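Reminder, nothing fancy here: chain letters follow the sequence lines and each chain counts from 1. This structure is a prediction, so every number in the text was calculated from the model and none was measured.
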There are 2 protein chains.
Amino acid sequence: MFKDLDPLLHSQLRLAVISILVSVEEADFVYLREKTGSTGGNLSVQLEKLNEAGYIEIEKGYSGKRPRTLCRITEIGRNAFEQYVEALKSYFKATT
Amino acid sequence: MFKDLDPLLHSQLRLAVISILVSVEEADFVYLREKTGSTGGNLSVQLEKLNEAGYIEIEKGYSGKRPRTLCRITEIGRNAFEQYVEALKSYFKATT
DNA sequence: GCCAAATGGTTTATATTATAAACTTATTTA
DNA sequence: TAAATAAGTTTATAATATAAACCATTTGGC
């Protein structure tokens with residue numbers, strides 16, 4: 001009746017991050033921090049989890065002399081997101 | 001940009017429970033346990049949290065000689081659920 | 001009638017999580 | 001050159017979800 005919700009996406013911040021990455025296809029640490037309104041520390045941890053799961057890839061480089069961390073969603077991440085949305089629907093079927 | 005997700009509803013089991021109660025308007029412990037596929041212990045804890053928050057009311061009685069715990073959603077719970085659905089949409093806007 | 005199993009729950013223990021505070025390193029700016 | 005800012009990471013903490021263990025009652029088998 002109810003589909004399981006991927007615990008990796010069932011987290012406010014990680015969901016927000018993926019939600020952004022799904023549409024922009026590339027975003028840096030600062031952009032994500034500002035758009036999600038999170039603290040850097042929290043973001044850092046959650047990005048690492050998404051990275052370990054293979055949902056995103058992280059590329060660390062520089063913009064001028066400043067460090068710059070770029071994030072991109074992977075195919076795995078994109079699929080997981082779609083599945084998550086599908087799973088969620090099973091919780092709202094009754095309502096609609 | 002992203003609306004906060006009510007932590008009380010952002011939980012697989014509690015969301016499933018509310019999702020059921022929104023449509024049936026009355027359900028007992030055993031029914032909820034079976035439909036959600038949860039353990040009784042977990043269900044008991046989560047029902048209590050929903051009750052404390054005023055999202056549901058719990059009525060303990062008997063069906064014959066067997067104990068029977070009935071649950072109903074409250075107006076507060078119904079509103080919270082609607083808000084939760086609304087909030088979630090902010091995470092999927094980009095996709096649609 | 002009595003013992004074993006089942007029913008309907010609750011309490012308690014555990015392991016995971018989310019989150020922010022504190023910290024590091026480097027770079028501007030005053 | 002000292003203070004502030006920037007970009008992240010590590011670490012500590014508090015909250016959470018979850019299931020295991022438990023309790024009380026009742027039913028079924030002999």
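Here the CG atom belonging to A:Leu70 is positioned 12.5 Å from the OH atom belonging to A:Tyr31, to the nearest 0.5 angstrom.
Atom pair B:Leu50:CG and D:dT16:C1' shows a separation of 14 Å (rounding to whole Å applied). With rounding to whole Å, A:Glu52 atom CD is found 13 Å from D:dT9 atom P. In this entry the distance linking CD of B:Gln12 with P of C:dA18 reads 13 Å, nearest Å. At whole-Å resolution of the value, CZ in B:Arg33 and C1' in D:dA19 are 14 Å apart. Per the geometry, CG belonging to B:Leu70 stands 14 Å off C1' belonging to C:dG9, to the nearest Å. With rounding to whole Å, A:Arg68 atom CZ is found 19 Å from D:dT9 atom C1'. Atom pair B:His10:NE2 and C:dA18:P shows a separation of 9 Å (rounding to whole Å applied). Atom OH of B:Tyr31 is separated from atom P of C:dG8 by 16 Å (rounded to the nearest Å).
The side chain of A:Asn42 lies closest to C:dA20, out of D:dT18, D:dG8, C:dA20. Of the candidate nucleotides C:dT12, C:dA18, C:dT10, C:dA18 has the atom nearest to the side chain of A:Lys49. For A:Thr39, whose side chain is taken as the heavy atoms from C-beta onward, the closest listed nucleotide among D:dT9, D:dT18, C:dA20 is C:dA20. The side chain of B:Lys60 lies closest to C:dT10 when the candidates are C:dT10, C:dT19, C:dT12. Of the listed nucleotides (C:dT17, C:dG8, D:dA17), C:dG8 has the atom at the smallest distance from the side chain of B:Val30. In this structure, the nucleotide among D:dT9, C:dG9, D:dT11 sitting nearest to the side chain of B:Thr69 is C:dG9.
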Report, one pair per line, the protein and nucleotides 21-24 of chain D atoms (nitrogen or oxygen only) whose separation is under 3.5 Å.
none

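Taking 4.5 Å as the limit, every side-chain heavy atom of A:Leu8 sits out of range of all side-chain heavy atoms of A:His10.
Under 4.0 Å is where a charged nitrogen must lie from a carboxylate oxygen, and between A:Glu52 and A:Lys49 no such pair does. Between A:Arg72 and A:Glu25 no salt bridge is recorded (no basic side-chain N to carboxylate O distance below 4.0 Å).
Judged purely by atom type and a 3.5 angstrom limit, B:Ser90 has no side-chain atom pairing as donor or acceptor with the backbone of B:Phe2.
A:Ser38 comes within 4.0 angstrom of no nucleic acid atom, judged by non-hydrogen atoms across all strands. Heavy atoms of B:Gln46 sit under 4.0 angstrom from at least one base atom.
For the pair B:Ser44 and C:dG9, the criterion of a side-chain N or O lying under 4.0 Å from OP1 or OP2 is not met. One finds a side-chain N or O of A:Arg14 lying less than 4.0 angstrom from the OP1 or OP2 phosphate oxygen of C:dA18.
Under the 4.5 Å side-chain heavy-atom criterion for grouping Ile, Leu, Val, Met, Phe, Trp and Tyr, A:Leu9 is connected to A:Val24 within one hydrophobic cluster.
Side-chain contact of B:Gln12 with A:Asp4: a donor-acceptor pair under 3.5 Å is present, judged by distance alone. In the model, B:Gln83 has no side-chain atom that pairs as donor or acceptor with a side-chain atom of B:Asp6 under 3.5 Å. Side-chain atoms of A:Asn79 and A:Tyr55 form no donor-acceptor pair, as typed in the model, at a separation below 3.5 Å.
Ring planes of A:Phe81 and B:Phe92: tilted class, angle from 30 to 60°.
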What does nucleotides 23-30 of chain C look like as a protein-contact string, B for base, S for sugar-phosphate only, - for none, at under 4.0 angstrom between heavy atoms? ----SS--
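If B:Asp28 and B:Val45 are placed on DNA chain C by their nearest nucleotide, the residue sitting closer to the 5' end is B:Asp28.
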